Participant: 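Dumping the structure here so I can ask a few things about it.
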Amino acid sequence: MCALWAATTRYVSGGRRVCQGCAAGFAACEDCGTLLPDYTACDACHSGPEVWNYSYKPDPRFYGTGPLYLGMELEIIVPQRHRHEAVSAVADAVGRLAYLKNDSSIEPSGFELVTHPMDFPFAMREFPWPLLGELSALGCSSDRRVGLHVHASRAGFCSPAHIYRWATFLYRNEIAVTELAGRRSRYARFSPQARTRIKDTAKGHPHGNDVDRYQAVNPHPRHTLEVRVFAGSLNPVRVQAALSFVAATVEYTRGLTAHDITAHHGWDWPRFTDWVHAHPDYPALAQRLGEVSLACAS
């Protein structure tokens with residue numbers, strides 16, 4: 001594609017670019033001017049949706065009312081012969097809710113599906129969950145070889161003390177969290193060094209936190225805390241359970257008091273699982289907890 005064409009094009013939601021002539025046939029967002037994909041471009045422009053470079057970081061679009069927003073990064077292994085169909089399926093399903101990036105840690109034809117920030121109810125209600133089955137039908141896969149990372153917005157916590165309680169709960173329950181996540185990975189370590197730096201993580205002091213980002217909880221993003229423990233999956237329940245776990249642990253630790261911890265074993269995993277089963281907002285997590293319990297018992 002010639003440089004002149006690239007210099008005179010406009011972006012369509014989903015990553016595709018079109019020439020100025022085709023752009024006149026698209027509707028545009030009144031706020032940002034992004035072209036909306038309700039028009040078929042000419043043959044020269046119809047090169048399909050784009051998979052961005054790994055460094056691509058667009059301005060976030062927030063969906064839902066918060067205050068806790070979650071962002072999902074799902075690494076997907078894609079057969080080379082079905083890459084175009086897989087990319088198109090994602091673009092058609094997610095619209096402006098997510099985008100695709102290349103990632104060298106995945107097999108050459110794979111990609112990473114990255115959502116914009118969503119609050120938990122919005123994610124459960126509006127993310128196109130049938131898309132995961134469509135990708136599986138195309139021969140795509142996502143398993144313990146790759147990862148599912150969930151970002152939680154720092155602004156969704158009520159205080160640094162809340163972040164400290166939340167991260168401490170995760171690190172104290174390493175075995176249970178690992179079983180729930182479906183993998184143990186060198187890219188999501190529960191390192192003693194990271195655990196001793198939880199106070200720095202809670203206070204948002206990246207220069208005081210000398211651990212690398214390949215931890216169970218990556219403390220380095222400026223506005224989020226990244227939970228990296230989960231195995232990838234194209235099973236909607238497994239993916240929903242990962243999002244649910246992050247949302248539920250944030251809420252569980254929000255009101256956790258010193259008295260709860262000392263007198264009622266608030267740090268203990270069974271106390272948390274009882275809390276989940278008493279709150280009907282997390283059905284996928286409750287199902288996944290049951291599956292893990294059965295697997296451990298057998």
Side-chain angles (χ1 to χ4, degrees), residues 57-74 94 96-99 113-129 147-173 177 180-181 188 198-206 213 215-230 236-257 260 266-267 269 271-273 275-286 288-289:
K57 290 186 178 180
D59 291 336
R61 303 187 186 107
F62 292 85
Y63 293 93
T65 58
L68 178 69
Y69 289 93
L70 305 175
M72 178 175 71
E73 300 173 353
L74 176 59
V94 302
R96 302 182 72 195
L97 184 61
Y99 52 94
L113 190 161
V114 183
T115 70
H116 285 280
M118 311 171 284
D119 69 14
F120 178 69
F122 183 96
M124 295 300 101
R125 185 180 66 249
E126 300 295 339
F127 184 83
W129 297 108
L148 164 58
H149 306 156
V150 180
H151 287 257
S153 59
R154 285 182 175 268
F157 294 83
C158 58
S159 65
H162 181 194
I163 295 176
Y164 178 84
R165 294 192 299 271
W166 172 77
T168 299
F169 173 79
L170 267 60
Y171 275 92
R172 284 178 64 98
N173 290 283
V177 171
L180 179 73
I198 288 177
K199 286 186 178 179
D200 292 325
T201 297
K203 294 176 182 178
H205 293 163
R213 69 186 184 95
Q215 306 295 330
V217 178
N218 173 16
H220 292 291
R222 182 176 179 184
H223 299 294
T224 68
L225 294 159
E226 181 189 20
V227 182
R228 298 177 53 86
V229 297
F230 303 103
V237 171
R238 293 285 292 267
V239 179
Q240 290 173 5
L243 292 170
S244 299
F245 176 74
V246 175
T249 51
V250 171
E251 295 310 315
Y252 174 72
T253 56
R254 187 181 299 279
L256 198 64
T257 66
D260 293 329
W267 287 141
W269 188 256
R271 182 67 183 247
F272 168 68
T273 60
W275 183 93
V276 170
H277 290 297
H279 289 75
D281 294 335
Y282 310 105
L285 177 57
R288 177 66 182 147
L289 288 169

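All values reported here derive from a predicted model rather than from experimental measurement.
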Participant: Is the side chain of H151 donor-acceptor paired with the backbone N or O of G71 at a distance under 3.5 Å, no angle test?
Facilitator: no

Participant: Using 0.5 Å steps for rounding, measure from the CG atom of L256 to the OG1 atom of T249.
Facilitator: 11.5 Å

Participant: Distance check, rounded to the nearest 0.5 Å: Y252 atom OH versus D260 atom CG?
Facilitator: 7.5 Å

Participant: Enter the distance from N173:CG to T168:OG1 here, rounded to the nearest 0.5 Å.
Facilitator: 10.5 Å

Participant: Can you find a heavy atom in the side chain of R154 that is under 4.5 Å from one in the side chain of H223?
Facilitator: no

Participant: With a 4.5 Å limit on heavy-atom distance, are the side chains of L70 and M118 in contact?
Facilitator: no

Participant: Classify the angle between the aromatic ring planes of Y69 and F62 as parallel (below 30°), tilted (30 to 60°) or perpendicular (above 60°).
Facilitator: perpendicular

Participant: Does M124 reach the side chain of W129, with side-chain heavy atoms less than 4.5 Å apart?
Facilitator: yes

Participant: Quickly, which of F127, F120, F122 forms a ring pair (Phe, Tyr, Trp, His ring centres under 6.0 Å) with Y63? Name it, please.
Facilitator: F122

Participant: Counting N and O atoms only, with roles assigned by atom type, does the side chain of R61 sit under 3.5 Å from a partner on the main chain of R96, one being a donor and the other an acceptor?
Facilitator: yes

Participant: Tell me the closest heavy-atom pair linking A152 and L68, and the distance in Å.
Facilitator: CB-CD1, 4.1 Å

Participant: Check whether any side-chain N or O of H116 sits under 3.5 Å from a backbone N or O of Y99 as a donor-acceptor pair, and report yes or no.
Facilitator: no

Participant: Taking all non-hydrogen atoms of both residues into account, name the closest pair between P128 and V94 and its distance.
Facilitator: CG-CG1, 3.9 Å

Participant: Taking C-beta and beyond as the side chain, do V246 and F230 meet within less than 4.5 Å on heavy atoms?
Facilitator: yes

Participant: Considering all heavy atoms of both residues, which atom of H162 and which atom of V250 are nearest to each other, and what is their separation?
Facilitator: NE2-O, 2.8 Å

Participant: What about the rings of F272 and W269, do their centers lie closer together than 6.0 Å?
Facilitator: yes

Participant: Are any of the side-chain heavy atoms of Y171 and Q215 separated by less than 4.5 Å?
Facilitator: yes

Participant: For A181 versus R238, what's the shortest heavy-atom pair and its separation?
Facilitator: O-NH2, 4.4 Å

Participant: When you compare the side chain of L225 with that of F157, does any pair of heavy atoms fall below 4.5 Å?
Facilitator: yes

Participant: Is atom CZ of R222 surrounded by more than 12 heavy atoms (other residues, nucleotides or ligands) closer than 6.0 Å?
Facilitator: no

Participant: Working to the nearest 0.5 angstrom, can you tell me the gap between E251 CD and S244 OG?
Facilitator: 12.0 Å

Participant: Take K203 and Y164 through the test side-chain contact (heavy atoms from CB on, under 4.5 Å) and record every step on the way to the result.
Facilitator: CA-CA 9 Å; K203 294 176 182 178; Y164 178 84; over 6 Å; no

Participant: What's the shortest heavy-atom distance between P283 and P280, and which atoms?
Facilitator: CD-O, 3.5 Å

Participant: Hey, could you give me the NE2/CD distance between H220 and E226, rounded to the nearest 0.5 Å?
Facilitator: 10.5 Å

Participant: Working to the nearest 0.5 Å, report the span between CG of L74 and NE2 of H149.
Facilitator: 9.5 Å

Participant: Heavy atoms, side chains only, cut-off 4.5 Å: are L180 and L285 in contact?
Facilitator: yes

Participant: On a heavy-atom basis, which atom in L170 and which in V177 lie closest, and how many Å separate them?
Facilitator: O-CG2, 3.9 Å

